[in-house]
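The structure appears below as structure tokens.
Chain naming here is simple, since letters A, B, ... match the order of the sequence lines and numbering starts at 1 in each. These numbers come from a predicted model, not from an experiment. Keep in mind that the numbers below use all heavy atoms, side chains included, and drop hydrogens, waters and symmetry copies.
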Amino acid sequence: AQTVTQSQPEMSVQEAETVTLSCTYDTSENNYYLFWYKQPPSRQMILVIRQEAYKQQNATENRFSVNFQKAAKSFSLKISDSQLGDTAMYFCAIRLGSARQLTFGSGTQLTVLP
Amino acid sequence: NAGVTQTPKFRVLKTGQSMTLLCAQDMNHEYMYWYRQDPGMGLRLIHYSVGEGTTAKGEVPDGYNVSRLKKQNFLLGLESAAPSQTSVYFCASSRAGTADGSPLHFGNGTRLTVT
């Protein structure tokens, strides 16, 4: 069975600075997809970025980028130029190629300070 | 485009009462899911469905039942609510297959309190 670990329950960053959220996972499969979701105080779950395991190039979406280290089974999220609106709970998740569901980590609460 | 709609948004139940959470999606997705979110535990899968008339158990299915009579709807039932079922419940849907990872699209959640 696959597992996802987010070892930082809470983090904070000053506005306009860069922050990195860590995520490690464990799976014996070679085909899978990784995701970061954001949950602001509104409770809505918003897809931030996705990464296919077979792609070596790290995914980027505007100010959000990932550092995908397949051998280390690490999938960290970097947020550049942090904004107050980035304050949210961030969840890392994995979807195996053979599975129909996502498995989530326990989340990291990020607070952007003015 | 409404996406995934959950009703109700909030509910308070007494121990032993029953209720049904409703989920509807208008994206013609094949797969639908029910997750629960508890502090420090992330989202855990309760049940899911890969098509009309089919359901399967997830990680924490005990105390819940589901039905998918129509492709666009996925219902989550609590037959006899317990305080341990106090949580935020999320419905989600996705396409079949994994061509692009098939990310989940979520509803806005239902906060359920069982007293």
Would you please test A/Leu47 and B/His105 for side-chain contact (heavy atoms from CB on, under 4.5 Å) and show each step? CA-CA 8 Å; A/Leu47 177 65; B/His105 299 258; over 6 Å; no

Would you indicate whether B/Glu79, at its atom CD, is surrounded by more than 12 heavy atoms from other residues, nucleotides or ligands within a distance under 6.0 Å?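 Check fails, neighbour count at 12 or below.
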
Taking atom NZ as the centre, does B/Lys71 end up with more than 12 heavy-atom neighbours from other residues, nucleotides or ligands that are less than 6.0 angstrom away? yes

Point-to-point distance, once rounded to the nearest 0.5 Å, from [atom1] of [X] to [atom2] of [Y]:
X        : Y        : atom1 : atom2 : answer
B/Asn108 : A/Met45  : CG    : CE    : 11.5 Å
A/Tyr37  : B/Phe106 : OH    : CZ    : 5.0 Å
A/Arg43  : B/Phe90  : CZ    : CZ    : 6.0 Å

Nearest heavy-atom approach of A/Ser106 to B/Gly40 is CB-O, 3.4 Å

What heavy-atom pair brings B/Gln37 and A/Gln39 nearest, and what distance separates the two atoms?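 Nearest pair, atom of B/Gln37 first, then A/Gln39: NE2-OE1, 2.8 Å.
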
Side chain, backbone, both or neither of B/Leu43 within contact of chain A (heavy atoms, under 4.5 Å):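 Contact with chain A: backbone and side chain both.
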
So for B/Arg44, is it side chain, backbone, both, or neither that comes closer than 4.5 Å to the heavy atoms of chain A?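 Interface part for B/Arg44: neither.
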
Same apolar cluster (I L V M F W Y, side chains within < 4.5 Å links), [X]/[Y]:
X       : Y        : result
B/Tyr89 : B/Leu22  : no
B/Ile46 : B/Tyr48  : no
B/Leu21 : B/Val60  : yes
A/Leu77 : A/Val112 : yes
B/Leu76 : B/Val4   : no

Determine whether A/Thr103 and B/Glu59 make a side-chain contact, defined as any pair of heavy atoms from C-beta on separated by less than 4.5 Å. no

Within the 4.5 Å heavy-atom criterion, are A/Arg50 and B/Pro103 side-chain neighbours or not?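 When only atoms from C-beta onward are counted, B/Pro103 and A/Arg50 do touch, with a gap below 4.5 Å.
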
Measure from the side-chain N and O atoms of B/Tyr33 to the backbone N and O of A/Leu102, and report whether any donor-acceptor pair falls under 3.5 Å.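 Absent.
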
Tell me if a side-chain donor or acceptor on A/Arg100 pairs with a main-chain N or O of B/Val50 at a distance below 3.5 Å.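 Flag not set: sc A/Arg100 to bb B/Val50 has no pair under 3.5 Å.
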
